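Since the model is a prediction, treat every value here as computed from it, not as a measurement.
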Number of protein chains: 4
Amino acid sequence: MELFAEQGYEKTSLREIAERLDVTKAALYYHFKTKEDIIVSLFQDLTRPMDELITWGQEQPRTLETKKEILARYSQALAAAAPLFRFMHENQATMRDLSIGETFKERMLVLLELVKDPDAALTDQIRCVSALFTMHAAMYVLRDAEGDPEEKREAALEVAIDLVSQAHGQAPRVTR
Amino acid sequence: MELFAEQGYEKTSLREIAERLDVTKAALYYHFKTKEDIIVSLFQDLTRPMDELITWGQEQPRTLETKKEILARYSQALAAAAPLFRFMHENQATMRDLSIGETFKERMLVLLELVKDPDAALTDQIRCVSALFTMHAAMYVLRDAEGDPEEKREAALEVAIDLVSQAHGQAPRVTR
Amino acid sequence: MELFAEQGYEKTSLREIAERLDVTKAALYYHFKTKEDIIVSLFQDLTRPMDELITWGQEQPRTLETKKEILARYSQALAAAAPLFRFMHENQATMRDLSIGETFKERMLVLLELVKDPDAALTDQIRCVSALFTMHAAMYVLRDAEGDPEEKREAALEVAIDLVSQAHGQAPRVTR
Amino acid sequence: MELFAEQGYEKTSLREIAERLDVTKAALYYHFKTKEDIIVSLFQDLTRPMDELITWGQEQPRTLETKKEILARYSQALAAAAPLFRFMHENQATMRDLSIGETFKERMLVLLELVKDPDAALTDQIRCVSALFTMHAAMYVLRDAEGDPEEKREAALEVAIDLVSQAHGQAPRVTR
DNA sequence: CATGAATGAGGGTTCATTCAT
DNA sequence: AATGAATGAACCCTCATTCAT
């Protein structure tokens, strides 16, 4: 996962993976049928939290409270599987060709369905899109910025929650 | 650009590019020194609007009004160079190795500097990050969604403007 | 080595080498990291005698007797690795770019240091240079000439020994 | 010639030549039919002295005096066309494929015929080979050594003359 | 469970050369 | 007299994959 996240899928060769694990290329082929199989395996381990979040979300009533909880859990999932999400974000062109059942984008759209109201104003729908992406953006842009990562995560979550709250017609908590 | 955006940089071979243009591989090498040079050229054409925006922004007073204008102009630049931004989004792993990669992220950070206040609360800083990315996200997620693209763009811009307004301590326009 | 000696380094392609060995090009790359690596390997096998000669020579007293012995041994090394030396002679332009190139010329100069006296008259120094090269020249020019190669080698060695003897102030054996 | 001498024939591309002369590749093709034609032209200019020396030598009586004169003239020709000789020496593998009427080696052998006596003892024949090569070797080995080049040339010539003198049964001038 | 050896397909790149203008 | 544009052939090299052992 480290190699894939650093270099991207195509630019990571089996030779590199084998060297990093200190085994031979042929040994990899004992455990995985193809290169694609390797990354699919990694995904199955790492996307479970996200899938669980989705199924959980689908069973809940579609209240603002639920949405806030979804954002909170998503924020945590994001932090827990940071390299995976980084990989998905940065290798979407590749992901399209990989036989991973639902792509990252599809999953995102399902999640989005849970958060946004298809009958709301367009701006409010976008607020919900933005809420989800805010947490990604915060992770991406603030990666090298100073400050406690946990603190940054919480701040991003707060902004996200504000956004869906506004989408529900509530005035945001004004912070100053 | 079409090929790069569809398939990603690494998976697009010079053979494909040449075939699409109905020339030989060698002919490409008369016009571009390397494969990287091809995409760099595409970028130079397409990032000019962004550069102009930055220099313009740096000459303005750092008021809320200016920031709104920056967002408005950025929204337009984004729409004009949509395939380029899609490519960057989806090929970040590659971008890191390309000589332009760094410069794009730098550009984004400079732009961010113009929009956010380094002394503001962390949440407000993230609101500004989010404002910029909202427009990206809207473009990305709503690409295949129904509705007039121009309408969507304006809605995203509105949300972005709300976010920086809030970061300036102003209550958002409540839309419903 | 045969191909390299016949055609030169640049004009010998990996395709040719692979065909001659009846393997694929890719198979070569399993055994050698680069094309250069192939020739470097050939050299390492073939220059060992020369290295041993040098270390031996450096441990001996710098008498005329030693120098004669060095020439005798060098003559033998030359005969043993004839194709190698032919290659070096005929591909010096290439050798300069190869990572071994320098080392060969350096080796020759070290050997020269063992044979010539830096304080002697210029002509005597050149006699020593000439002594070494005589054996090369003989090999090169007389390759296709008639006569027993071993006999020619011995004659060349005799001339070389005469040259260093003269450089030591001794009258040459006059042969007729 | 500079480029060919520095890098060798194969590794010098027409692009490089064109750039060095500040013309286009196509312009070269107006003046020369092929790449080979370029180097052939250079040779015709530069080997004339050597050819003249050969025809002159063939008309002279085959005395020791003549041979000394040949060596003297050859020494001068060598110095005058140093880069050419360097090129020939270092690119023999290439020379073989070039359609330059007589190769360097052939010319050398003709010259050698003029200097050596086919009926002499083998060692004496080698002395004559060595005489010619001494001047080459001196040029090659002593290129980067300190000292006046002209002085070195004369010393090498002296050694060469000594060698043919000995081949004629004369005791060498002992220098110390 | 693992490896050494090998391969076909394709990668990006460079080259000498051509030709209409 | 010169050039911009193009090309076919070849280059070195890397890749994911296979298979007998």
Side-chain angles (χ1 to χ4, degrees), chain A residues 7-19 21-39 94 97-98, chain B residues 7-19 21-39 94 97-98, chain C residues 7-19 21-39 97-98, chain D residues 3 7-19 21-39 94 97-98:
Chain A
Q7 314 183 335
Y9 178 74
E10 344 272 348
K11 307 219 332 203
T12 301
S13 71
L14 288 185
R15 185 176 49 69
E16 281 174 296
I17 299 176
E19 274 169 14
L21 300 177
D22 210 37
V23 296
T24 56
K25 263 190 297 176
L28 288 182
Y29 274 89
Y30 179 79
H31 296 282
F32 301 94
K33 243 176 55 176
T34 66
K35 183 186 181 184
E36 187 168 340
D37 212 38
I38 296 177
I39 207 162
T94 295
D97 300 342
L98 257 40
Chain B
Q7 315 184 334
Y9 177 75
E10 345 273 346
K11 305 223 326 208
T12 301
S13 71
L14 289 183
R15 184 179 49 70
E16 281 174 298
I17 298 177
E19 274 169 14
L21 300 177
D22 207 38
V23 294
T24 57
K25 267 195 296 174
L28 289 181
Y29 273 90
Y30 178 77
H31 296 280
F32 302 94
K33 251 174 47 178
T34 65
K35 183 185 181 186
E36 182 168 346
D37 209 40
I38 295 178
I39 209 163
T94 296
D97 299 342
L98 258 39
Chain C
Q7 314 184 335
Y9 178 74
E10 346 271 349
K11 305 223 326 207
T12 302
S13 71
L14 289 183
R15 184 178 49 71
E16 281 174 299
I17 299 177
E19 274 169 14
L21 299 177
D22 207 39
V23 293
T24 57
K25 268 192 295 172
L28 288 181
Y29 275 91
Y30 178 77
H31 296 281
F32 302 94
K33 251 174 46 177
T34 65
K35 183 184 181 185
E36 183 167 345
D37 209 40
I38 295 177
I39 209 163
D97 298 342
L98 260 39
Chain D
L3 284 173
Q7 314 183 335
Y9 177 73
E10 343 272 348
K11 306 220 332 202
T12 301
S13 70
L14 288 185
R15 184 177 49 70
E16 280 174 297
I17 298 177
E19 273 169 14
L21 300 177
D22 209 36
V23 295
T24 57
K25 264 189 297 174
L28 288 181
Y29 274 88
Y30 179 79
H31 295 281
F32 302 94
K33 243 176 54 178
T34 65
K35 182 184 182 186
E36 187 168 340
D37 212 40
I38 296 177
I39 206 161
T94 296
D97 300 342
L98 258 39

What closest approach, in Å, do [X] and [Y] show between heavy atoms, and which atom pair accounts for it?
| X | Y | value |
| --- | --- | --- |
| D/Ala18 | D/Thr24 | CB-C, 3.8 Å |
| C/Leu28 | C/Leu14 | CD1-O, 3.8 Å |
| B/Lys11 | A/Glu10 | CD-OE1, 2.9 Å |

For residues B/Ile39 and B/Thr94, determine if any side-chain heavy atom of one lies less than 4.5 Å from a side-chain heavy atom of the other. no

Please report the distance, rounded to the nearest Å, between [atom1] in [X] and [atom2] in [N].
| X | N | atom1 | atom2 | answer |
| --- | --- | --- | --- | --- |
| A/Glu10 | F/dT14 | CD | P | 18 Å |
| D/Leu28 | E/dT18 | CG | P | 13 Å |
| B/Leu14 | E/dG12 | CG | C1' | 6 Å |
| A/Glu36 | F/dT17 | CD | C1' | 14 Å |
| B/Asp97 | E/dG12 | CG | P | 15 Å |
| C/Glu16 | F/dC12 | CD | P | 9 Å |
| A/Lys11 | E/dG10 | NZ | P | 21 Å |
| C/Phe32 | E/dA6 | CZ | P | 11 Å |

At less than 3.5 Å, do the side-chain atoms of B/Lys25 and the base atoms of F/dT7 form a donor-acceptor pair?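 In this structure, the two groups form no donor-acceptor pair.
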
Looking at [X], I'd like to know whether one of its side-chain N or O atoms comes within less than 4.0 Å of OP1 or OP2 on [N].
| X | N | result |
| --- | --- | --- |
| C/Ser13 | F/dA10 | no |
| A/Tyr30 | E/dC1 | yes |
| C/Tyr29 | F/dC13 | yes |
| D/Arg15 | E/dC15 | yes |
| C/His31 | E/dA6 | yes |

Residue met sooner reading DNA chain F from 5', once B/Val23 and C/Lys33 are mapped to nucleotides: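 Its nucleotide being nearer the 5' end, the pick is B/Val23.
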
For F/dA16, give its Watson-Crick or G-U wobble partner with both distances under 3.5 Å, or none.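 Paired with E/dT7.
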
Report the base-pairing partner of F/dT21 (Watson-Crick or G-U wobble, both distances below 3.5 angstrom), or none. E/dA2

Position toward the 5' end of DNA chain E (nearest nucleotide), C/Thr24 or D/Ala26: C/Thr24

Do the side chain of D/Lys35 and the main chain of D/Thr12 share a donor and acceptor less than 3.5 angstrom apart?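 Side chain of D/Lys35 to backbone of D/Thr12, a donor-acceptor pair under 3.5 Å: yes, one is there.
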
